[in-house]
Amino acid sequence: MASVSSQPQFRYTQPPSKVLHLRNLPWECTEEELIELGKPFGKVVNTKCNVGANRNQAFIEFADLNQAIAMISYYASSSEPAQVRGKTVYLQYSNRQEIVNNKTTADIAGNVLLVTIEGQDARLVSIDVLHLVFSAFGFVHKITTFEKTAGFQALVQFSDAETATSAKNALDGRIIPRYLLSENISPCTLRITYSAHTDLSVKFQSHRSRDYTNPYLPVAPSAIDGSNQFNLGVDGKKLEPESNVLLASIENMQYAVTLDVLHMVFSAFGPVQKIAMFDKNGALQALIQYPDVQTAIVAKEALEGHCIYDGGFCKLHLSYSRHTDLSIKVNNDRSRDYTIPNPAMVNPQPSVLGQQPVQTMGHQYNGTQYAPGRQQQQPTMPPQPSAGWGSSAVPPMPQHMMNNHNPYIPPASMPQMTQGMMQMPGQGGIPPFRPTHICPDSYCCQGDMIEQLMIPPQPSAGCGASAVPAIGVNTDK
DNA sequence: AGCACA
């Protein structure tokens with residue numbers, strides 16, 4: 001029981017000990033360097049490095065007290081100070097008589113890293129961001145995250161200790177690159193040690209744990225039920241407050257998405273009050289306003305990641321807008337206020353800047369990202385120019401059987417049950433997915449236009465079909 | 001640059 005000295009720790013006041021305390025070491029000094037330093041004076045039986053908040057202190061324990069005295073004496077009278085990597089290190093007797101517990105699991109190299117994410121917003125760092133960060137050093141097999149008194153932590157499993165070590169050496173003490181986090185997340189520092197684990201047990205793919213080696217692992221219900229998860233990959237958790245207004249961005253827009261198409265799609269979940277479409281960085285976005293937040297939440301959950309047209313076209317990404325009430329200045333092919341009975345009345349001024357001629361709408365986009373080389377799933381009907389409200393214009397087959405391409409779940413990890421989702425209808429077989437479309441009220445599924453829009457590739461679905469809940473998407477497991 | 005909490 002060598003108790004810690006209570007006296008002040010000034011130079012030259014420590015009683016001799018076979019343990020020496022070293023400070024001013026270069027960052028992350030290694031055990032090997034300590035042994036090299038002490039070896040000329042005796043047998044180093046134990047070391048402890050990376051001590052202290054700056055990890056620049058260490059201990060060397062000699063087999064014999066005289067060896068420690070020899071080292072202290074030598075450097076006390078030497079013209080050359082003790083050095084590690086050219087940096088002067090300062091020696092003194094430790095106030096303890098032995099190094100305790102030097103070799104923790106944290107010091108033994110293994111293939112699993114224990115990562116502590118430090119920072120005010122550490123908990124907002126998503127597992128996807130961690131995956132991204134650590135994947136730079138090799139294939140990440142599994143990640144689990146958890147909260148301990150130490151804070152927000154993760155276990156990151158690599159194939160081998162070498163890969164893990166390279167990641168540890170490169171990342172320990174570093175911050176997560178800012179561009180991987182939302183702007184409003186304060187810096188997060190990574191503290192990394194080795195874990196004693198060699199193989200993590202991951203039961204589900206979820207927002208807390210991932211197994212990147214097992215594509216058939218079930219997806220945790222919590223991960224499926226969650227909405228708004230498409231942005232987890234970059235953003236961390238949901239930061240946006242819920243809103244009655246949804247911001248939709250449309251990916252892979254091979255075919256025009258008209259106001260009417262959006263109106264129909266989003267009306268499935270409740271009355272759409274207003275829609276405003278606009279271009280953002282060359283991509284189409286739209287704001288869709290519901291009367292209440294609840295409706296917006298349901299719509300978002302049901303539609304997120306789904307494609308308006310079969311075959312992966314016009315995939316919807318939804319987030320909550322900061323708007324609560326859109327200001328629709330003019331009813332045209334890009335914006336409309338459905339709460340006003342007569343659209344013509346809401347057009348106080350002629351169309352002004354930024355308004356596109358009608359005929360530019362509805363043309364097939366020169367999508368470069370997606371080349372439908374095979375004919376399998378193109379809408380057979382050529383997209384029609386979108387004429388206005390209440391016309392007989394027929395947008396090309398919006399598909400109420402929206403395919404789920406939930407980007408939250410990594411494609412490779414899609415479990416068995418989702419394989420049908422990926423099935424191309426051209427291959428025949430059972431419709432891959434439950435209809436997301438319900439007819440909650442008379443607002444939907446009435447009128448000629450709707451009927452035409454619903455030209456069903458899968459006749460079972462849609463307006464006539466009675467019983468399938470709108471959120472069936474997310475419960476289909 | 002000043003003593004370890006794993």
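Below, read A as the first sequence line, B as the second, and so on, with proteins coming before strands; counting in each chain starts at 1.
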For this session: For A/Leu247 and A/His323, run side chain to side chain contact (heavy atoms under 4.5 Å, CB included): C-alpha distance rounded to whole Å, both residues' side-chain angles, the deciding distance at 0.1 Å, then the answer.
Result: CA-CA 9 Å; A/Leu247 171 64; A/His323 291 90; over 6 Å; no

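In this structure, CD of A/Gln14 is placed 10 Å from P of B/dC3, rounded to the nearest angstrom. Counting to the nearest Å, the P atom of B/dC5 and the CZ atom of A/Arg191 are 13 Å from each other. Taking atom CD1 on A/Ile60 and atom P on B/dC3, their separation rounds to 17 Å, with Å as the unit. Look at CZ on A/Arg55: it is 13 Å from P on B/dA6, rounded to the nearest Å. Whole-Å rounding puts the A/Lys18 NZ to B/dC3 P distance at 21 Å. At whole-Å resolution of the value, CG in A/Leu20 and C1' in B/dA1 are 16 Å apart. With rounding to whole Å, A/Asn50 atom CG is found 16 Å from B/dA1 atom C1'. Rounded to whole angstrom, the span from the NZ atom of A/Lys148 across to the P atom of B/dC5 amounts to 16 Å.
Under the stacking definition used here (centres under 5.5 Å, planes under 30°), the residue A/Tyr90 fails to qualify as stacked on the base of B/dG2.
At a threshold of 4.0 angstrom between heavy atoms, the contacts of A/Tyr93 include nucleobase atoms, whether or not backbone atoms are also involved.
Side-chain atoms of A/Gln57 do not come within 3.5 Å of backbone N or O of A/Gly52 as any donor-acceptor pair. Using modelled atom types, one side-chain atom of A/Ser243 and one backbone atom of A/Ser321 make a donor-acceptor pair closer than 3.5 Å. A/Asp279 places no side-chain N or O within 3.5 Å of a backbone atom of A/Gly282 that could act as its donor or acceptor partner.
Side-chain nitrogen and oxygen atoms of A/Gln92 include none within less than 4.0 Å of the OP1 or OP2 phosphate oxygen of B/dC3. At B/dC3, none of the side-chain N or O atoms of A/Arg23 fall inside 4.0 Å of OP1 or OP2 (strictly under the cut-off).
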